[in-house]
Amino acid sequence: MLVDLQGPWSPIFGRLGLLLDVHYNNPVIFFAFQLVVVGGALLAFWLTCTNRWKWLWKDWLTTVDHKKLGIMYILVGLVMMFRGFSDAIMIRTQQAMAVGPDSPGILGAAHGYLPPYHFDQVFTAHGMIMILLAVTPILVGFMNIIMPIQIGARDMAYPYLNALGLWLTVVAAALVMIALFVGDFSHAGWVGLTPLTELPYSPGVGVDYYIWSIQLGSIGTTLGAVNLIATIIKMRAPGMTWGRLPIFTWTTLASNIIALTSFPVLGVALGLLTFDRYVGTHFFTADLGGNLMMYTNLFWIWGHPEVYFVVIPAFGFLSEIIPTFSEKPLFGYITMVLASMAIALVSWTVWLHHFFTMGASPGVNSYFSIATMLVGIPTGVKVFNWAFTMYRGRLRFPTPMLWALGSLFLLITGGMTGMMLSVPAINYLVHNSVFVIAHFHNMFLLIAYASFGAVAFWWPKVFGFRLDEKLGKLFFWLFTAGTLLVFIPMYTLGFMGMTRRLDYVAHTSWQPLLLLEMLGIALYTLSVLAFVAQLAVSIRDREKNRVTGSDAWETSRSVEWMTHTPPPFYNFAVTPVIHDRDEWAWRREHGLTSLVPDRYLDIHMPKNTAVPLIIGMLTLFFGFAMVWRIWWLAAASLIAIIVVMIIRSFDKDTDYIIPAAEVEKMEQEILSRAAGATGDTADAPIGGGAGGAYASRHAPSQSRKDT
């Protein structure tokens, strides 16, 4: 039976009557609303003026091409990262302004400019967005774009499922953005701690937005994990044995094993919380037979593996970037693979270190302390291997390498502070302080550094032209200066006893360090402007910066550099045969870089479909209806989703064949354009691609035995 609710409710509009109570006179929200409306209007205006609506629908919204889906994943992540960064600016400015009893207050706040209830929503949204809707989609986007090409596949194992995963992620992001203007958001922290998220303590719709956005988004991530794992297992090119799998693909596999096994736990935790809020069960109500610690355990059983779910692909980025700009193979390939798998395994044994102070026995705390420290062993192996890769290498320092080195530095500092927190005695001292926050951000910043490096590294492959180096280095140094000025003071404030989530800071002696953090935030803001300028200038000068061969860096090593730049929608003219772990470096060494295969073959490809987008839109209606308890709309949306899925299951016209003659024609056009760009009339320029299914016929004996 549904629970009785406070406030208005009607059969037609559900709880939408609550909107009358929400603070729409808040200028901060009003400014954000104006920004979204103006931005959306400008985008629509541009699409109309350039006659691109058809292009948008045909080439992007209905696509199942893994590369385009990956780009859209990254765009969603970048948009949400901008939103999360805006929240971070608000958190830091509020804390810098609200210091001491005499600090003034504006906009209805006693101190600073954010009332406590609004501040609580801001830091909740910041944490949830940055982890689940910014970092996660960006990494999944890279996995989508790079991994299938890296194993010589034409697409993912399940292209339709891939598109569905993207649109469910978009739905999660859309619900969070809607919460900014229609209603409010959870104020219980990004971990959704019970009993704060239970109905008596959060009677509004904020927690419901939190529940449904994460629940729907995590379904999309789980679908993506199934697809990525199946693709790696089943879609590898001939000769791509496990011992030849590129290291980024290995990290993708390790990461998605974590996702596949951990996100369902989160789904269970949120499902039980949903029952508590909607039908009146008491799974987490301590005084009615429930146990609020059960939620905490379930959440962190997912939450800590999630940290490794996002950090392991970042290690994969470093393992691709550092060898390329060291002009050496990756040192210790086998140990790097084992280290990735070991981190994935150990990630399941450390969750309880998040509540060392809850009063567990010394034996329990000791176990989780040791388990946490064990993570340092495979991580240390990786650091040493990257260092040995650079040792006596011919090092170059373009922007991807700078980001990689910055990420390495952050990994060392974050790892050391993590070791400190794994000691229960130290954890008792700094628990819930901003020292923990600094460590946490330290680890996520290493992911950000690696991701920015990956953007600069693979951008030429995806779009066919390089990013502007000068502005890229300006972006890196501004971002690095911001990192130092924000997080060194934060570590210090943690040792001084400053706790997290403060909307008012009582100790005036902390203000200089808080102001220093503000200076760091200002530099971060400038770095974002530099990044935007880098993108704009690079797109403007794309002809000047165009890549003429397939290998933008000329020392790349793995399979994705064997095809055209940018890759055609079918990735390879013929499926390549793999001879070596660093296949592209091996082919370059043996002169097997021709773009022209011995003969062309028919290509089997999936058809575009609007079904994932339609299901996504219906899911958005369903999520919104569940948040506002508009039962008729929720039921109608759910029935429509089921009907669409049944109809889709009977559709047998889901793929098509590109005849070999047409493949050859398209290849010749690409080669002609490349020849035109280089002024070379040859039809098979060095630096090109596929090498063909018949490369093995010309290949010398293998230079390295499989392991």
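- Qualifying side chain to side chain donor-acceptor pair (under 3.5 Å) partners for W477, counting only residues two or more places apart in sequence or in other chains: none.
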Return all side-chain donor-acceptor pairs below 3.5 angstrom for residues 127-146, not counting sequence neighbours, or 'none' if the list is empty.
| residue | atom | partner | partner atom | Å |
| --- | --- | --- | --- | --- |
| T136 | OG1 | I131 | O | 2.7 |
| T136 | OG1 | E306 | OE2 | 3.2 |
| N144 | OD1 | N162 | ND2 | 2.6 |
| N144 | ND2 | V140 | O | 3.1 |

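- In this structure, Y160 has no ring-ring contact (aromatic ring centres under 6.0 Å, His included) partners at least two apart in sequence or on a different chain.
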N/O donor to acceptor pairs below 3.5 angstrom from side-chain atoms of residues 451-462, sequence neighbours left out:
| residue | atom | partner | partner atom | Å |
| --- | --- | --- | --- | --- |
| S451 | OG | I447 | O | 2.8 |
| W458 | NE1 | E560 | OE2 | 2.9 |
| W459 | NE1 | F465 | O | 3.3 |
| K461 | NZ | S550 | O | 3.2 |
| K461 | NZ | E560 | O | 3.2 |
| K461 | NZ | T563 | O | 2.9 |
| K461 | NZ | H564 | O | 3.2 |
| K461 | NZ | T565 | OG1 | 2.9 |

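- Contacts of K470 classified as salt bridge (Lys or Arg N to Asp or Glu O under 4.0 Å), with partners at least two apart in sequence or in another chain: none.
- Not a single salt bridge (Lys or Arg N to Asp or Glu O under 4.0 Å) links K68 to another residue, sequence neighbours left out.
- Partners of Y73 by side chain to side chain donor-acceptor pair (under 3.5 Å), not counting sequence neighbours: none found.
- With sequence neighbours left out, T221 forms a side chain to side chain donor-acceptor pair (under 3.5 Å) with no residue at all.
- R629 pairs by the salt bridge (Lys or Arg N to Asp or Glu O under 4.0 Å) definition with D208, not counting sequence neighbours.
- The side chain to side chain donor-acceptor pair (under 3.5 Å) search around Y158 returns none, not counting sequence neighbours.
- Contacts of F33 classified as ring-ring contact (aromatic ring centres under 6.0 Å, His included), with partners at least two apart in sequence or in another chain: F181.
- Between F309 and W302, the distance from one ring center to the other does not fall under 6.0 angstrom.
- Evaluation of the salt bridge (Lys or Arg N to Asp or Glu O under 4.0 Å) rule for R92 yields E517 as partners, not counting sequence neighbours.
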